[in-house]
Structures are given as C-alpha cells and as structure tokens.
Amino acid sequence: DGDTPMANAEHVGHSSIVALLEEHLDSKFPLHAAARTGDVEAMTSIWLVRHGEAAADFSEDTDPCLSPLGREQAIHSVDTLHRCVPSHAALLSSPKRRAIETGEPYATKVQAELKIDGRFIELPSPGDLAARRQWLDEVLEGQWSALPESVQLWRREVVSAIGSFTSPIVIFTHFLVINAVAAHIS
C-alpha cells in the first residue's frame, strides 16, 4: 500500500485498454482461501477493462464520450475479450459514458446485457473542472493511505466488490479502479 497510484499504474502497464486480471485472488480477498485449500471451483476470473480514449480531458468534461480512437479501441477489444472470456461471464460497466461505450461492442457481440454498476465509477473528484487536473496530479503522486476519506471509502468499496464475485465477470471501468485493485493485491 506504500506505492503511489502512479507507480502502481506504471507497474501494471495502464496504457492498454484491456487490463486482464486473471490472477488468483490475493489472501486479502475472501475467495483466496479456496486457492489455498485447492477448491478451484470456488475461484473465479475477473477481467478489468479500461475504457477507450475519452473525447475530452479529465479537466474538460466530467463524463465525456469516447473519441474516434476510443471507439476503435473498444471495437478492437472485442476480439481480445472474445478469445479469453467464457460465454457465461457477466458484464458490468461504470455509469460513465466512456466505460459504457467501451463495453457496448462486446456486449453486442456476445448478446449479453451490460449492467451498470456504480461501484466501478472513477474515483470521487472535485466537481469544479478547473480544480480537477491539479487534484488528479496530486492524487497520482501521493500514497493511497494519504488520500481523502472519500477516496479511501471508494477504494474499499471497489476492493470489496471485486472480492465478492463468485463467477466470471468483465468490468468496463477506469484506470484508477484498476490501479486500486492492483495496489490492493500487490
């Protein structure tokens, strides 16, 4: 937990739109006991997919759609996911447009419902667009333990949600959601 969010992001290669998290759950997750006891049936696979490129910067719009490149990335992710995700996997998305738009092509391909789940929204940030960029820069350079209580609560909720899944699931979400999970299990 001592690493900065930016250091964790660099470690996991956050630039890829598809961040596949197929590792066995860490001991901090309830299902890890299954791994230690050999109960493979109780374990699951989780794919965290970062949204495609947004049409606007974090400091320009609180809920931008995908850019043309982001739409291409979403379409490209369909084949990658289709090769490795079981057909019965559930599909969840952050309520933000760019995450939904990233998940829609895959949901269409597999003819599955893309359910909106507010637990996987980006971290809570200032509503004032002018203050958001500086705030995010400070968050990325800081340590998780030093972040505001609202961010700590958000992180605990993300980690708890991930630990609660018992069947394969794909979650279309945001960089810092993926980073929060990666920091927790590393």
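Quantities reported herein were computed from a predicted structural model and do not represent experimental measurements. We're numbering straight along the sequence, starting at 1.
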Using the rule that two of Ile, Leu, Val, Met, Phe, Trp, Tyr join whenever any of their side-chain heavy atoms come within less than 4.5 Å, decide whether V158 and L136 are in one cluster. yes
In this structure, OG of S67 is separated from CD of E72 (nearest 0.5 Å) by 8.5 Å
Presence of salt bridge, R132 and E122, under 4.0 angstrom: yes
Shortest non-hydrogen separation from V110 to H82 and the atoms involved: CG1-ND1, 3.8 Å
For the residue pair H174 / S94, report whether a side-chain donor-acceptor contact shorter than 3.5 Å exists. yes
Given the rule in the side chain to side chain contact (heavy atoms under 4.5 Å, CB included) test, do T166 and T44 qualify, once you have shown the distances and angles that lead to the verdict? CA-CA 6 Å; T166 59; T44 193; 5.8 Å; no
About how many Å separate CD1 of I100 and NE2 of H51, when rounded to the nearest 0.5 Å? 12.0 Å
Heavy-atom side-chain proximity of I169 to W47 below 4.5 angstrom: no
Hey, is the main chain of G52 close enough, under 3.5 Å, to the side chain of T102 for a donor-acceptor pair? yes
Closer than 4.0 angstrom, basic N to acidic O: yes or no for D79 and K109? no
Could you check if a side-chain atom of L123 sits within less than 4.5 angstrom of a side-chain atom of F175, using non-hydrogen atoms only? no
One should read off an interatomic distance between Q134 CD and D128 CG, to the nearest 0.5 angstrom, of 11.0 Å
Evaluate V159 against I185 for side chain to side chain contact (heavy atoms under 4.5 Å, CB included), listing each step before the verdict. CA-CA 9 Å; V159 168; I185 63 175; over 6 Å; no
Strictly distance-based, threshold 3.5 Å: is any side-chain N or O of S93 a donor or acceptor partner for the main-chain N or O of G103? no
In Å and rounded to the nearest 0.5 Å, what is the CD1 to CD1 distance from I178 to I171? 9.5 Å
Non-hydrogen atoms of R119 and A161 that approach each other most closely: NH1-CB, 3.6 Å
Below 4.5 Å, heavy atoms only, C-beta onward: do R98 and D63 meet side chain to side chain? yes
Counting only N and O atoms by type, is there a donor-acceptor contact under 3.5 Å from the side chain of R50 to the main-chain atoms of T173? no
I'd like to check I121 versus K96 (side-chain heavy atoms, cut-off strictly below 4.5 Å). Are they in contact? yes
Honestly curious: do V181 and V139 fall in one hydrophobic cluster under the side-chain, below-4.5 Å linking rule? yes
With a 4.0 Å cut-off, would you call R156 and E149 a salt bridge? yes
For G118 versus P95, what's the shortest heavy-atom pair and its separation? CA-CD, 3.9 Å
In E53, Q73, R71, R97, the residue satisfying side-chain contact (heavy atoms from CB on, under 4.5 Å) with L66 is R71
Let me confirm one number: the CD-CG distance from E104 to L114, rounded to the nearest 0.5 Å. 6.5 Å
Mind running side chain to side chain contact (heavy atoms under 4.5 Å, CB included) on D57 and R133 for me, showing each step along the way? CA-CA 9 Å; D57 186 71; R133 174 50 54 198; 3.2 Å; yes
Taking a hydrophobic cluster as the set of Ile, Leu, Val, Met, Phe, Trp and Tyr residues connected by side-chain heavy atoms closer than 4.5 Å, whether directly or through intermediates, do W154 and W135 fall within one such cluster? yes
Rounded to the nearest 0.5 Å, what's the gap from CD on E101 to CZ on F172? Could you check? 13.0 Å
Contacts table for residues 83-92: side-chain donor-acceptor under 3.5 angstrom, sequence neighbours left out:
none

